[in-house]
Amino acid sequence: MTKQQRLRTLPKMDDLLRVIESQAGDLPRSLIKSVIQDELACYRERLLVGQQDCCDQEELLTGIRQEINRQSQPHLRGVINAAGVILHTNLGRARLSDECSAMLASVGCKYSNLEYDLNDGSRGSRYQHVEDLLVRLTGAEAALVVNNNAAAVYLVLDSVTKGREVVVSRGELVEIGGSFRVPSIMAASGCKLVEVGTTNKTHPSDYTAAISEHTGALLKVHTSNYKIIGFTAEVEMPELAAIARQNQLPSIYDLGSGLMLDLSPYGIAGEKTVAQCVRQGADLVCFSGDKLLGGPQAGIIVGKSVYIAAMKKNHLLRALRIDKLTLASLEITLRQYLDPERAVKSIPTLRMIAQPPAVVREKAERLAGLLAGVGCRCSVVKSAARVGGGSLPAVELTSYAVAIQMEGLSPNRLESKMRENSIPIIARITDDCLQLDLHTVEPEEFADIVLCLKMIISGLG
Ligand SMILES: *Cc1c(COP(=O)(O)O)cnc(C)c1O
């Protein structure tokens with residue numbers, strides 16, 4: 001066949017539009033049209049280069065339907081995290097508690113008192129909604145919240161140390177997920193980084209020797225996502241704060257994760273809480289809202305009133321400000337901490353960390369039973385879950401997973417099929433086997449997992 005003959009086998013745009021529209025429900029016409037155009041163009045290309053002799057109309061229609069289906073779903077949507085990483089940065093870090101969702105609906109879909117003082121009907125401040133709570137929970141004098149912790153560090157440096165030298169240990173020049181690096185954020189905020197000590201050891205005398213009339217602050221950075229072990233020494237907060245005080249300088253602690261509760265009853269020791277850092281004399285402590293705190297993405301700054309007041313006056317604050325949905329869910333999460341026992345039960349991040357292995361095992365056995373019921377070959381295996389999100393890198397949580405084998409489907413293909421499910425399921429491949437780690441899966445998600453695997457199995461038959 002000639003090129004022209006091959007191309008003539010393509011159906012007309014209007015004919016395709018009629019067929020698709022009669023089946024597509026109430027999807028916007030513009031969307032349907034552009035998908036058909038794109039799919040037709042693709043097909044035309046294949047015919048032109050002779051990859052195909054004539055148009056297979058059914059194949060074309062199936063392609064169009066699949067693409068319409070894909071495009072008519074929201075791009076950002078919920079997934080099931082079966083990867084066993086509790087604060088998975090790529091999967092949105094902390095899961096919010098059920099209590100947050102009602103508040104998100106109420107503040108997001110209605111008017112609110114975001115910047116309105118209900119006592120006297122005058123203008124209010126958005127920062128007021130959580131400041132008292134943060135002060136109560138951390139023992140600090142004042143608090144301020146911004147878009148994320150990177151913004152918090154930036155605002156602190158810009159407001160408190162602008163143009164001056166900031167002293168940091170060489171062991172703490174952290175990079176978090178590529179885009180946040182302590183040296184770069186310093187440069188961006190216009191202050192000058194002064195490195196002291198060595199990678200493995202920094203002593204109090206290193207800080208004192210570096211202080212001059214150009215110094216603006218002493219900064220301590222939590223080495224969130226790595227650990228230096230062996231022959232090491234770091235200057236802890238009480239001592240760093242004392243050196244800062246003697247030299248009339250602010251001490252700043254970028255704490256990263258922001259633990260609000262002592263997790264040692266759950267086997268996680270050695271991580272200081274925000275309140276402890278404040279008690280140890282840090283003038284300013286900043287941390288994320290969506291790491292160990294278990295709330296929405298936010299940057300929280302607590303500390304001395306004079307510094308917080310300077311930040312509230314900084315014009316940068318407008319560019320870094322927190323939005324109302326974040327504030328609504330942050331307030332609810334912080335309120336849950338007023339009763340620590342309730343916090344561990346109702347904040348998903350804490351609940352997952354505190355889960356006893358026997359509970360995870362029981363979930364794994366229940367899911368394996370349900371999957372076996374739809375003809376899936378699987379077994380329960382011991383695994384290790386992680387906290388993730390650059391928190392507690394040395395901690396492994398005893399966990400259990402359901403390992404799945406499928407005749408005629410490689411672990412990689414199975415993994416991608418589960419990822420393409422209408423509710424995407426993010427699994428893990430360990431020892432050349434697909435595993436669903438139950439540490440991060442809740443029982444109410446079982447039905448969707450079973451349905452997905454049932455469909456995969458029937459597709460193979
Ligand atoms: C995670 C982290 C940050 C960045 O926080 P985001 O909330 O992700 O912006 C900054 N510093 C440290 C030490 C961190 O662990």
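When a ligand or atom number is given, it counts from 1 through the structure's own listing order.
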Exercise: do R70 and Q66 side chains pair donor with acceptor under 3.5 Å: no
Could you check whether D437 and S399, counting side-chain N and O atoms only, form a donor-acceptor pair closer than 3.5 Å? yes
Does the side chain of Q280 pick up a donor-acceptor pair with the side chain of K272 at under 3.5 Å? no
Donor + acceptor pair across side chains of S410, N412 (<3.5 Å): no
Is the count of non-hydrogen atoms from other residues, nucleotides or ligands lying under 6.0 Å from R318 atom CZ greater than 12? no
Using a strict cut-off of under 4.0 Å between a residue heavy atom and any atom of ligand 1, list the qualifying protein residues by chain and number. R93, N148, N149, A150, I176, F180, V221, H222, S224, D254, G256, S288, K291
Between S101 and D98, is a side chain to side chain donor-acceptor pair (under 3.5 Å) present by the stated rule, with each step listed? CA-CA 6 Å; S101 65; D98 294 339; 5.7 Å; no
